[in-house]
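Following: one structure in structure tokens, then a few remarks.
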Amino acid sequence: MEDIKQRLNKTAFDLALDKRKISQIDLATQIGANDKSFSRWVNDGYIYSKYLWDLTEALDLNDQELDEILMLPKHKVFFRKQYLEEPPEEVQEQAIELAKTLFGLTYLNSEARFFPPNLSKEQSILEVAEQIRKSTNIANFNFLQSIVHTLSLHGIEVAIIPFKKLRLVSPDEYEKAFSVTNEKRFLIFLDSSAPEELLIFNLCHELCHLFRPDHGYSKEEENFCNKVASELTYPKNYFDIRKESIHKIIETRSEESIQSLLNNLKYELGGEPFGITLRLKELGFFSQKDILHKKIISNAEITYKKLPNLGDMLFKKYDLNTLDTFKEFWSSSDIQSDILLRFFFHIKNGAINNSISARKFSELFGVDIGTADEMFHGWASDALAPLKDS
Amino acid sequence: MSEVVICDTNVAIHLAIICPDILQTPPAQCKIVLHTIVKTELHRLNKDPEKNERLGDVFTLLLQKVQTFSQLLEPDNEKARRQHQILKKLEEGLSNTNSAPSSHYDRQLLIIAKKNSKKLLTNDKKLHQLSSAFIGVEQTWRTGDALSNLLSLGLISKETVQTGLGKLKHPYKESLHSNCAQIMKNLGFNC
């Protein structure tokens, strides 16, 4: 097996040497490389990786210099929180580790090319939403399984995971979703502890971030992405076409008739009544000052709060306190068949083909190494069993 | 010639099954040693009931009858933190890794091997990949490489190895890395 080469940015490298007033020959000597060979490698834009560690230490390169010299991918993370605050460092680190893991385990999806237009300068919510629909080839954002499946065909993995159980929440538990890009590919992570309808909204919000990469974290940008998500889940055009009939029903001031309207809208658009009432308010059909409208919105909110939490259904058995149940979760056939458990499918698949170690699994999921190792051993044996039988 | 080789947990288990004497009484020509962090991991692995049932006697041997090699230098906390950061960065520059990133433990063992200029013996895919990249291919071994080297030095017999390879499967239900299996087959062993 040959020693491994890594790409090297000669310009950035020479800059680092100049800054430290050290020549290539002196550096080569320090790290034990032949000076002529070293010079040739650098000119050709690579270096053998076995010299990199010593080189980094000899020059005392900082992170930015390393990024530039080795042309490393930059990971950008966008968090969706209930309140505008930076998540704690440990949460951000865990988010990046989960993202890097998923990038590494889904390398095959790098073949699915997805180059979204950069809509950072676009100020029209309708235009951004329309571009998202066109680029993702998703006309209706009302069925989570279908959205996740279509995005995966584009190479955008959507991971639905229990944030709290995976140490992705700050003490106040405001993190709801985050998206990550390494400048080539995109991932979206959604907290499962919410109704499916809210997950769809959060997913649309994160998609908007991916299409507007130049924007940093701000209240304005969060509001903008919320409005785009509203447009994607409850398109304005639908309401415009039915404007007269919707107004007519609302003007009856009959609670029963308006409730029936909401049910019809839900049937046709998907989603849930609370989201629909908020959209009706946003589009001017409902007024915040009207007592009847406020009552209807309030009732819809009460109903919304009773909606089943997707995480309770998907992750009931995901319990580190009861190891047998935890192992049952991982052994369930749902991981293979349910697209909403895609993240866990990739992890388990990675475990079986040695793309993730028991140590890394133990670290990511907070499982004891002994348990993790034996789970991996069992999965590998099970994977071989059909071959042995045949 | 005297050589010290730092042994990872997974190889330690294999060698303890195949040729325990090599670990209990390491020969100078090829001293395969267990660091404290490996012993700590063995201890944690042993706590899992299913793992203990399968490999309990192997863990007992490794924990009680194989010495911990404590003469290895380790960086202090601040330097170690920086080493981990550097390694995480360097790892990102490796193309086509097609796998999850390294764990803290992986990097710890790698740092110990690097700082002490010792060979690293591991079957773990990620650790092997990183060690081959940043310490060098010649400095990175798997079980098969270790056994091949021990055989060539006359430190173990072919019979010992063949019997050990059989025990690996039954009763211990361990398996060799495909690369190691090929090395052993090339040397004429059944595995």
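All chains are named by letter (A, B, ...) in the order of the sequence lines, taking the proteins before the strands, and each is independently numbered beginning at 1.
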**Request:** Examine whether an atom of L66(A) lies under 4.5 Å from a heavy atom of chain B, and if so say whether it belongs to the side chain, the backbone or both; otherwise answer neither.
**Result:** side chain
**Message:** Closer than 3.5 angstrom, by distance alone: can the side chain of S355(A) be matched with the main-chain N or O of S99(B) as a donor-acceptor pair?
**Reply:** no
**Item:** Atom pair CD/CD1 of Q129(B) and I4(A) - distance to nearest 0.5 Å
**Value:** 7.0 Å
**Message:** Among R7(A), K100(A), M71(A), which residue has the highest count of heavy-atom pairs closer than 4.5 Å to chain B?
**Reply:** K100(A)
**Asked** Heavy atoms, side chains only, cut-off 4.5 Å: are R54(B) and E374(A) in contact?
**Response** yes
**Prompt:** Hey, which of L323(A), I347(A), L102(A), D63(A) has the most heavy atom pairs under 4.5 Å with chain B?
**Reply:** D63(A)
**Option that, when pairs with chain A are counted at under 4.5 Å, heavy atom only, ranks first among L90(B), L127(B), D106(B)** = L90(B)
**Item:** Residues, nucleotides or ligands: over 12 heavy atoms within 6.0 Å of Q67(B) CD
**Value:** no
**Prompt:** Side chain, backbone, both or neither: which part of L42(B) has a non-hydrogen atom closer than 4.5 Å to chain A?
**Reply:** neither
**Prompt:** How long is the gap from CD1 on I356(A) to OG on S103(B), to the nearest 0.5 Å?
**Reply:** 9.5 Å
**Item:** Segment of T56(A) engaging chain B (4.5 angstrom heavy-atom cut-off)
**Value:** side chain
**Complete:** d(D67(A) CG, K89(B) NZ) to nearest 0.5 Å is 3.5 Å
**Prompt:** Would a 4.5 Å heavy-atom cut-off, applied to side chains only, mark I111(B) and W53(A) as touching?
**Reply:** yes
**chain A interface, residue from K47(B), K88(B), R82(B) that has the most non-hydrogen pairs under 4.5 Å** = R82(B)
**Prompt:** Relative to chain A, which of N46(B), N10(B), L110(B) shows the most heavy atom pairs under 4.5 Å?
**Reply:** L110(B)
**Message:** When you compare the side chain of I369(A) with that of K51(B), does any pair of heavy atoms fall below 4.5 Å?
**Reply:** no
**Message:** Within the 4.5 Å heavy-atom criterion, are H377(A) and E50(B) side-chain neighbours or not?
**Reply:** no
**Message:** Is any side-chain heavy atom of Q139(B) closer than 4.5 Å to one of K50(A)?
**Reply:** no
**Prompt:** Do the side chains of E57(A) and K79(B) get nearer than 4.5 Å, heavy atoms only?
**Reply:** no
**Asked** Given the rule in the side-chain contact (heavy atoms from CB on, under 4.5 Å) test, do K125(B) and N353(A) qualify, once you have shown the distances and angles that lead to the verdict?
**Response** CA-CA 10 Å; K125(B) 180 176 172 178; N353(A) 61 34; 5.8 Å; no
**Fill in**
Heavy atoms of L105(A) and A100(B) approach each other most closely as CD2-N, 4.0 Å
**Asked** Is the closest side-chain heavy-atom distance between P101(B) and E97(A) below 4.5 Å?
**Response** yes
**Reported CG-to-NE2 distance for the pair N354(A) and H128(B), which is rounded to 0.5 angstrom** = 12.5 Å
**Under 4.5 Å from any heavy atom of chain B - which part of L61(A)** = backbone
**Asked** Any idea which heavy atoms bring S102(B) and E363(A) closest together, and the distance?
**Response** O-OE1, 4.2 Å
**Asked** So, D124(B) and K360(A), do they make that salt bridge, N to O below 4.0 Å?
**Response** no
**Item:** N77(B), CG: over 12 other non-hydrogen atoms inside 6.0 angstrom
**Value:** no
**Asked** To the nearest 0.5 Å, how far apart are CG in D3(A) and CD1 in I135(B)?
**Response** 12.0 Å
**Request:** With rounding to the nearest 0.5 Å, note down the distance linking CG in L94(B) to NZ in K5(A).
**Result:** 14.5 Å
